[in-house]
Amino acid sequence: MTNLAQGLVVAAVHAGSIAEEMEIECGDQILAIDGQEIGDIIDFQYLTAEDEFTLLLEKAGGELWELEIERSYGEELGLEVQAVSSHGLKLCRNNCIFCFVAQMPPGMRASLYDKDDDYRLSLTQGSFITLSNLDEDEFERILKLHLSPLYISVHAWDAEARVRLMKNPRAGDLSSQLKRLAGAGIQIHSQIVLVPGYNDGEVLEQTVRELGNLHPSVQSIAVVPVGLTKHRANLPDLRPFTPEEAWSILAKGEMWQKEYRRKTGRSLVYFSDEFYASAGRDYPSIEIYDDFAQLENGVGMASKFRQEFDYARQSLPPAIPQRKVHLITGVSAAPFFEDLLKKLTPIEGLTVQRHTIINSFFGPTVTVAGLLTAQDIAGQIGNIKGEIFLIPRVMLKADEEVFLDDRSVEWLAEELQGIPLVVENQGRAFLEAVTGLDLEGEDCE
């Protein structure tokens, strides 16, 4: 085989896997499978679905290897690739009035300014796409290969409202696109970023109703409030929802949830934790969230965390060796953690000091913990004299110990003169980090 296009570069090889056994290494390029060139990760996943196939790769030194792969049913090949495509990501062509990337301050790492709108990331990583970036060939590919589920940013069903929000004439094609996907049996997880005066009220009601009509193709509808930073020079004048507005939206949402549970057996429409925090309302029971389809979108995270916490707390002893830890959180989650920490006060020997960090980097209207920076944490806590401090994993870049401002966990530890402990967003993991204990039992379902 000659004149092969550049393939996908191997980023990781799992220990004990077929890939390791075949001596595939990081940096190798996967060029073809069963004679078909590999253009992107969809090609790779589709062509490696069989139990037997021939893989052609190029080693770092330029040597071509042809490997006969045989595996048992369900056995993974055991490698990861660096990118979804050798040609790079498809970038966003919209100019959304609420785009968070457009509200980033200058001087941050280049990757934070990338705006992707790639259906391959939607399939493989759960990233939200708008569909306005798809050409007909790509749409047909989705239908032909039945690429499902897809995560789609809807925002508004009404064409005029959606174009107004996204500043792209193609944004108005959404309803016909969603109907095509639903007609092909593609599962859809949808998102509505709600902006006061643009897509709330009657526009929101229409959007939820029309999406609900596409069930079971539409499996979830997440409603999240617009995120606004202080870096909005030359951008439209937007505002956050008031607590009273958030309360009203949730009240309406509960009516929709009850209706959809009667019709479909699912709540179908879900609201992000930010809405409950803004309204000053308690988070719902976990039953509302069904299978937590949009947990990574901040939908149901607090309820799930609380249930895990309460379940694991049953394993705690009445006393532990003297231990003091510092808990870092954002403004919106502060009342939630205050309630949880009250449940730990009877434990002798444990002291937990909560630090509610105001977001100076992005502005005080940004209240979620996941957007806090090391600079703000260091500036507001000070020297903790060798004590332990907990860093929620959501504050760090995926698979790295780096904050949004490019400061590392090590940098923050030096600034605070403390011992860092990165904690996964799970109730049991949190309790184990707080107490220093290895709790018995399994997480509840």
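Numbering of residues begins at 1 and proceeds along the displayed sequence. All heavy atoms count here, side chains included; hydrogens, waters and symmetry mates do not.
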**OP:** For the pair Val13 and Ser17, evaluate side-chain contact (heavy atoms from CB on, under 4.5 Å) and give the outcome as yes or no after the intermediate values.
**Re:** CA-CA 8 Å; Val13 177; Ser17 66; 4.0 Å; yes

Original post:
Does the pair Arg393 and Asn425 meet the rule for a side-chain contact (heavy atoms from CB on, under 4.5 Å), with working shown?
Top reply: CA-CA 6 Å; Arg393 169 65 67 184; Asn425 194 52; 5.8 Å; no

Original post:
What do the steps show when you test Gln36 against Asp43 for side-chain contact (heavy atoms from CB on, under 4.5 Å), and what is the final call?
Top reply: CA-CA 9 Å; Gln36 297 187 49; Asp43 292 336; over 6 Å; no

Original post:
Where do Phe44 and Leu79 land on the side-chain contact (heavy atoms from CB on, under 4.5 Å) test, with the steps shown first?
Top reply: CA-CA 11 Å; Phe44 174 72; Leu79 60 78; 3.4 Å; yes

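Shown here is Glu296, whose CD atom has no more than 12 heavy atoms of other residues, nucleotides or ligands within 6.0 Å. Enclosure of atom CD in Gln82 by more than 12 non-hydrogen atoms of other residues, nucleotides or ligands within 6.0 angstrom is indicated. For CD1 of Ile358, the number of neighbouring non-hydrogen atoms (other residues, nucleotides, ligands) closer than 6.0 Å is 12 at most. Few gaps surround NZ on Lys343; more than 12 heavy atoms of other groups in view lie less than 6.0 Å from it. Counting non-hydrogen atoms of other residues, nucleotides and ligands closer than 6.0 Å to CZ of Phe292 gives a total above 12. For CD of Glu136, the number of neighbouring non-hydrogen atoms (other residues, nucleotides, ligands) closer than 6.0 Å is greater than 12. Other residues, nucleotides and ligands contribute only 12 or fewer heavy atoms inside 6.0 Å of the NZ atom of Lys304.
Sorted by first and then second residue, the side chain to side chain donor-acceptor pair (under 3.5 Å) pairs involving residues 231-240 (not counting sequence neighbours) are Gln103-Arg232, Arg239-Glu245. Listed by first then second residue, pairs satisfying salt bridge (charged side-chain N to carboxylate O under 4.0 Å, His left out) with a partner in residues 267-281 read Glu254-Arg281, not counting sequence neighbours. Residue pairs meeting the ring-ring contact (aromatic ring centres under 6.0 Å, His included) criterion with at least one member in residues 254-278, sequence neighbours excluded: Phe241-Phe275. Among residue pairs with one or both ends in residues 47-57, those qualifying as side chain to side chain donor-acceptor pair (under 3.5 Å) are Thr54-Glu68; sequence neighbours excluded.
Residues Phe430 and Phe337 place their aromatic rings such that the two centres sit under 6.0 Å apart. For Phe100 and Phe362, the ring centers sit closer than 6.0 Å to each other.
Looking only at distances, no side-chain donor or acceptor of Asn94 sits under 3.5 Å from a matching main-chain atom of Cys96. Side chain of Ser272 to main chain of Gly298: no donor-acceptor pair is present (N/O by atom type, distance under 3.5 Å, no hydrogens or angles). Panel note: side chain Arg71, backbone Glu76; no donor-acceptor pair is recorded below 3.5 Å. Looking only at distances, a side-chain donor or acceptor of Ser303 sits under 3.5 Å from a matching main-chain atom of Pro284. Not one N or O on the side chain of His355 forms a donor-acceptor pair closer than 3.5 Å with the backbone of His326. Asn359 places a side-chain N or O within 3.5 Å of a backbone atom of Leu371 that can act as its donor or acceptor partner. Remark: the backbone N or O of Asp406 is not paired with any side-chain donor or acceptor of Lys397 at under 3.5 angstrom. At distances below 3.5 Å, not a single donor-acceptor pair connects side-chain atoms of Asn297 with backbone N or O atoms of Val299.
Taking the centre and axis of the six-membered ring of Tyr283, the NZ or CZ atom of Arg306 falls outside the cone set by 45° and 6.0 Å.
The residues Glu308 and Arg428 are annotated as not salt-bridged, no charged nitrogen and carboxylate oxygen being separated by less than 4.0 angstrom. Arg141 has a carboxylate O that lies under 4.0 Å from a charged side-chain N of Asp40, or vice versa, which qualifies the two as a salt bridge.
For the residue pair Gln191/Ser153, the side-chain donor-acceptor check at 3.5 Å is satisfied. In summary, the side chains of Asn133 and Arg93 do present a donor paired with an acceptor at a separation below 3.5 Å, with no hydrogens or angles considered. Inspection of the Ser127 and Gln125 side chains reveals no N or O donor paired with an N or O acceptor under 3.5 Å.
With values rounded to the nearest 0.5 angstrom, Gln206 atom CD is found 11.5 Å from Asn199 atom CG. Atom CD of residue Gln375 and atom CG of residue Leu404 lie 11.0 Å apart, to the nearest 0.5 angstrom. Expressed to the nearest 0.5 Å, how far CG of Leu412 lies from OG1 of Thr373 amounts to 9.5 Å. To the nearest 0.5 Å, the span separating CZ on Phe361 from CG on Asp376 amounts to 8.0 Å. Here the NE2 atom belonging to His14 is positioned 9.5 Å from the CG atom belonging to Leu77, to the nearest 0.5 angstrom. Distance check: Thr329 OG1 to Leu372 CG gives 7.5 Å after rounding to the nearest 0.5 Å.
When every heavy atom of Trp157 is checked against every heavy atom of Thr207, the shortest pair comes out as N-OG1, 3.0 Å. When all heavy atoms of Glu432 and Leu439 are compared, the pair lying nearest together is OE2-N, 3.1 Å. Between Leu341 and Leu327, the closest heavy-atom pair is CD1-CD2, 3.9 Å. When all heavy atoms of Val269 and Gly253 are compared, the pair lying nearest together is CG1-O, 4.4 Å. What you find for Pro196 and Asp200 is that their closest heavy atoms are CA-OD2, 3.5 Å.
Counting heavy atoms from C-beta outward, Lys258 and Met255 have side chains that stay 4.5 Å or more apart. Arg120 places none of its side-chain heavy atoms less than 4.5 Å from the side chain of Leu123. Residues Val10 and Leu57 have side chains not in contact (no heavy-atom distance under 4.5 Å, counting atoms from C-beta outward). Put simply, the side chain of Phe389 does not reach to within 4.5 Å of the side chain of Ile381, judged on heavy atoms. Here the side chains of Asp34 and Leu47 are not in contact, with every heavy-atom distance at 4.5 Å or above. In this structure, the side chains of Ile97 and Lys167 come closer than 4.5 Å at one or more pairs of heavy atoms. Side-chain contact between Asp290 and Ser267 is present, with at least one heavy-atom pair separated by less than 4.5 Å. Looking at heavy atoms from C-beta onward, Phe98 lies out of side-chain contact with Tyr198 at the 4.5 angstrom threshold.
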Name the atoms and distances for all side-chain donor-acceptor pairs under 3.5 Å in residues 169-179, with sequence neighbours left out.
unit_1	atom_1	unit_2	atom_2	d
Arg170	NH1	Ser132	O	3.2
Arg170	NH1	Leu134	O	3.4
Arg170	NH2	Leu134	O	2.7
Ser176	OG	Asp173	O	2.9
Gln177	NE2	Leu131	O	3.2

Which atom pairs, one a donor and one an acceptor, fall under 3.5 Å between side chains of residues 213-225 and the rest of the protein, sequence neighbours left out?
unit_1	atom_1	unit_2	atom_2	d
Asn213	ND2	Arg209	O	3.4
His215	ND1	Val218	O	3.2
Ser217	OG	Ile186	O	2.4
Gln219	NE2	Pro216	O	2.7
Ser220	OG	His189	ND1	2.7
Ser220	OG	Gln294	NE2	3.0

